[in-house]
Amino acid sequence: MSGFFRRLGAIPWRSIAGEAFHRAFLVAQAFCAIHVVDHHLCSLAIVRGPSMLPAMNLAGDVVAVDRVSVRLGRVEPGDVVLMISPEDPRKAVAKRVVGMGGDSVTYLVDPGNSDATKTVVVPQDHVWVQGDNIYASRDSRQFGAVPYGLITGKIFCRVWPLEGFGLIDSNQSR
């Protein structure tokens with residue numbers, strides 16, 4: 001048994017522990033870098049549902065989201081944004097910005113049943129958002145102007161499916 005303890009004592013425990021600590025620290029740094037990039041610079045999101053047809057697929061698209069533009073106030077009418085749903089804060093939704101604070105927006109009240117329109121002025125620090133498919137979208141027509149602070153990012157590129165890969169057109173006609 002004393003040979004076992006002698007061999008056990010000959011193992012360089014300090015260098016092994018130091019190397020393990022160093023590697024664990026590198027992994028922690030990598031996770032911190034990933035977090036900063038994902039939450040503050042650029043991230044990926046899955047967008048699915050009928051409200052953004054034809055710009056986005058019903059079955060779902062993986063899109064790249066620019067998180068910096070929102071912080072710098074570089075969101076404009078025509079941009080597709082990812083935002084926290086005003087109806088369910090646990091849910092993220094993608095909509096197109098139609099008007100900014102101070103803009104006058106005219107929209108169809110019930111597009112499936114009548115041609116009646118309504119005009120509203122968007123309050124300061126708010127945006128008016130609508131889905132591209134006005135027949136199947138819950139948007140500012142139902143819940144009103146959205147506080148600018150609910151916008152989490154600007155969608156700029158479709159990543160998946162590959163046949164749809166490319167920049168999102170901010171001037172797409174609706």
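The basis for the numbers below is simple: all heavy atoms, side chains too, and nothing from hydrogens, waters or symmetry mates. Residues: numbered from 1 along the sequence shown.
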(message) Ser51 and side chain to side chain donor-acceptor pair (under 3.5 Å): which single residue from Arg96, Lys95, Gln130, Arg138 fits?
(response) Lys95
(message) Side-chain heavy atoms nearer than 4.5 Å, only ILVMFWY residues, links allowed to pass through others: does that put Phe165 and Trp160 together?
(response) no
(message) Let me confirm one number: the CZ-CG distance from Arg67 to Leu72, rounded to the nearest 0.5 Å.
(response) 14.5 Å
(message) Would a single hydrophobic cluster contain both Val122 and Val98, if residues Ile, Leu, Val, Met, Phe, Trp and Tyr are joined by side-chain heavy-atom contacts under 4.5 Å?
(response) yes
(message) Is there a path of hydrophobic side-chain contacts, each under 4.5 Å between heavy atoms of I/L/V/M/F/W/Y residues, joining Leu150 to Val127?
(response) yes
(message) Could you report the tightest heavy-atom contact between Leu44 and Ala64, atom names first, then the distance?
(response) CD2-CA, 4.0 Å
(message) With side chain to side chain contact (heavy atoms under 4.5 Å, CB included) as the test, pick out the partner of Val65 among Ser43, Cys42, Cys157.
(response) Ser43
(request) State the CZ-CG distance between Arg48 and Asn57, to the nearest 0.5 angstrom. (result) 11.5 Å
(request) Using the side-chain contact (heavy atoms from CB on, under 4.5 Å) rule, take Ile168 and Met56 through it: C-alpha gap first, then chi angles, then the decisive distance, then the call. (result) CA-CA 9 Å; Ile168 301 293; Met56 310 234 178; 4.0 Å; yes
(request) Inspect the surroundings of CG in Asp115 and state if more than 12 heavy atoms from other residues, nucleotides or ligands are less than 6.0 Å away. (result) no
(request) Kindly write out the residues that satisfy side-chain hydrogen bond (donor to acceptor under 3.5 Å, both in side chains) with His35, not counting sequence neighbours, or none if the list is empty. (result) His39
(message) For Ser85, is there any backbone N or O sitting under 3.5 Å from a side-chain donor or acceptor partner on Asp88?
(response) no
(message) How close do Ala94 and Val47 get, counting heavy atoms only, and between which atoms?
(response) CB-CG1, 3.7 Å
(message) Is there a continuous path of hydrophobic side-chain contacts, each under 4.5 Å between heavy atoms, that joins Val68 to Val81?
(response) no
(request) Using atom types as modelled and distance alone, determine if a side-chain donor or acceptor of Asn133 lies under 3.5 Å from a backbone N or O of Leu53. (result) no
(message) With a 4.5 Å cut-off on side-chain heavy atoms, are Ile134 and Arg141 touching?
(response) yes
(message) For the CG atom of Asn113 and the OH atom of Tyr135, what is their distance to the nearest 0.5 Å?
(response) 10.0 Å
(request) Decide side-chain contact (heavy atoms from CB on, under 4.5 Å) for Val120 and Trp128; before the verdict, give the C-alpha distance in whole Å, the side-chain angles of both, and the deciding distance to 0.1 Å. (result) CA-CA 9 Å; Val120 294; Trp128 189 269; 3.5 Å; yes
(message) Quick one, Asp103 and Pro77 - any side-chain contact, counting heavy atoms below 4.5 Å?
(response) yes
(request) Evaluate the side-chain contact (heavy atoms from CB on, under 4.5 Å) criterion for residues Val93 and Met83: first the C-alpha distance (whole Å), next the side-chain angles of each, then the deciding distance (0.1 Å), finally the verdict. (result) CA-CA 5 Å; Val93 295; Met83 57 185 246; 3.7 Å; yes
(request) Looking only at non-hydrogen atoms, find the nearest pair between Pro54 and Asp132 and report the distance. (result) CD-CB, 4.5 Å
(request) Would you check if Ser114 and Val109 make a side-chain contact, meaning some heavy-atom pair closer than 4.5 Å? (result) no
(request) Of all the heavy-atom pairs spanning Pro161 and Gly60, show the shortest one and how long it is. (result) CD-O, 4.2 Å
(request) Determine whether Val75 and Tyr148 make a side-chain contact, defined as any pair of heavy atoms from C-beta on separated by less than 4.5 Å. (result) yes
(request) Run the numbers on Val70 and Thr152 for side-chain contact (heavy atoms from CB on, under 4.5 Å), then give the verdict. (result) CA-CA 7 Å; Val70 174; Thr152 58; over 6 Å; no
(request) Please answer whether the main-chain N or O of Thr119 pairs with a side-chain N or O of Thr106 as donor and acceptor at a distance below 3.5 Å. (result) no
(message) How close do Val146 and Ser140 get, counting heavy atoms only, and between which atoms?
(response) CG2-OG, 3.9 Å
(request) Kindly check if the number of other-residue, nucleotide or ligand heavy atoms within 6.0 Å of CZ (Arg74) is above 12? (result) no
(request) Indicate if Met52 and Ile155 have the same hydrophobic cluster label, given that clusters are the connected sets of ILVMFWY residues with side-chain heavy-atom separations under 4.5 angstrom. (result) yes
(request) To the nearest 0.5 Å, tell me how far Asp110 CG sits from Lys118 NZ. (result) 13.0 Å
(request) Mind listing the closest non-hydrogen atom pair of Asp79 and Glu76 along with its distance? (result) OD2-N, 2.8 Å
